[in-house]
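Beneath this line is the structure, given in structure tokens, with notes to follow.
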Amino acid sequence: MRIESPRYTERFGSVRITDVQRVLELDSGRAKTLPLNENIAVNKVEEDAIKDFEEKMAIIIPIKDEMLKLFEGVISGVPHECTIVVISNSRRKRVDRFKMEKDTLGQYCHFTRRDAVILHQKDPVLGKALGDSGYTDILGEDGLVKNGKAEGMLAATLIASVLNKQYMGFIDADNYFPGSVWEYVKCYAAGFIMSKSPYTMTRILWKYKPKITTGIYFRKYGRVSEITNKHMNNLISSKTGFETEVIKTGNAGEHAMSLKLAEILPFAPGYAVEPQELISLFEGYGGILPGSSPSVTKHGVDVFQIETRNPHLHADKGELHLTEDMLLPGLGTIYHSRLCENETRQQILNELMQQNILKAGEEPPKPNIINPFKNINMEKFTGAIGEYLKTCSALEDQ
Ligand code: GDD
Ligand code: MG
């Protein structure tokens, strides 16, 4: 693939955030040595190099009661070398949707000669393995993993680590275009290839996010993302003294990171997970608050933002979902950050009051931070779940 070279990188302590890089060509042909001057503006990322990273990558698909046809399309877009890990929080009573997902995945894996694992988020074996190995922040009082997209993603990341994967890419199950899924994974790999640090993340920006109204309208940004980005940029500007617009992927559900980065990041629950990742980076490694680790200071953290050619079209979950589940908790991560000063706070409150989401005197909710993975005893977790994962293979009943 051909992708724009990184043109501008904003530095915030040890965190390097690269401005948006566009995909220019999905397939850039056979590997050959390029004339030196071509490399200045354009990066040719070779297919073999991408494959090397795909082999080390798990694609984690969180799913909750999505249409099976969409799920099937999504898995068909995941490049063959990646290991698919599906974490489901779908209904099991009356209609066992989880069973239907497992069957769909199993049939697909059978015919495509590949394997995948699928677990239910409420699987008691998973809950017990996490509890016994000391990772209790995502567990409820019943000892099972709590509801929420982040909770599922984090449990699946630990499972992928047991499967020896070093990179995790997240892709939602309600994506309409298998071609977009394929491109996300290529972009994830391209980011990892460009990175100079083992602590690395790629976040996807869509070329268009169409809305179906009377016709089809190709919107550039999602509404929630636009607002989250603005306030996150305000937070950075207030610290550096220079106004910036570098953050374009505050809410990017489609993103990927190295296990090494996942291990040191505090996360937020539910849909606040993506904005919190950036906030956690700024807090932990932005050079303003104390406590950065020497290894991170040495290597730095790379955050790439890559704009795809494919548009992003996913299931519409309604207005209330956007404001209550996403915008409010997302802005809560910025508002309650230890870095956030009064002016940015006030702007967030004004925004939420203007949109009738908050009343005067109310505040966005404070995220219950989930501690980094470094607190888990990985040996114990592997011991507790390693064998069991064989029964979670999609091919088990095939
Ligand atoms: N395992 C699991 N557990 N999956 C869940 C849960 C849960 O409790 N809740 C939702 N999911 C799955 C959905 O089935 C879907 O595949 C994915 O997580 C994203 O959830 P959506 O409800 O479709 O979220 P969205 O489309 O409004 O928002 C997405 O895009 C935003 C902007 O990029 C999410 O990825 C957000 O996190 C993201 O900020
Ligand atoms: Mg969605």
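Counting convention: from 1, in listed order, for ligands and their atoms alike. All heavy atoms count here, side chains included; hydrogens, waters and symmetry mates do not.
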> Nearest to the Mg ion (ligand 2), which N, O or S atom of Asp174 do we find?
Replying inline: OD2
>> Can you tell me which N/O/S atom of His314 has the shortest distance to the Mg ion (ligand 2)?
In response: ND1
> Do we get Arg92 above Phe98's six-membered ring, with its NZ or CZ under 6.0 Å from the centre and within 45° of the axis?
Replying inline: no
> Are the charged groups of Lys374 and Glu263 less than 4.0 angstrom apart, N to O?
Replying inline: no
>> Looking only at protein heavy atoms, which one is nearest to atom 10 (C) of ligand 1, and what is the separation?
In response: Tyr271 OH, 3.4 Å
> For atom 15 (C) of ligand 1, which candidate among His312, Met67, Glu66, Lys64 provides the closest heavy atom?
Replying inline: Glu66
>> Show me which atoms of ligand 1 lie under 4.0 Å from any heavy atom of Glu274.
In response: 36 (C), 37 (O), 38 (C), 39 (O)
>> Checking the side chain of Glu10 only, and the main-chain atoms of Val246 only, is there a donor and an acceptor separated by less than 3.5 Å?
In response: no
> Judged by atom type as modelled, is there a donor-acceptor pair below 3.5 Å linking the side chain of Gln121 to the main-chain atoms of Lys146?
Replying inline: yes
>> Under 2.8 Å from the Mg ion (ligand 2) - does any N, O or S atom of Asp172 fall there?
In response: no
> So, the side chain of Glu283 versus the backbone of Arg338: is there a donor-acceptor pair under 3.5 Å, distance only?
Replying inline: yes
> Relative to each other, are the rings of Phe373 and Phe267 parallel, tilted or perpendicular (30° and 60° limits)?
Replying inline: tilted
>> Could you work out, for atom 7 (C) of ligand 1, the closest of Ala156, Gly148, Pro329 by heavy-atom distance?
In response: Gly148
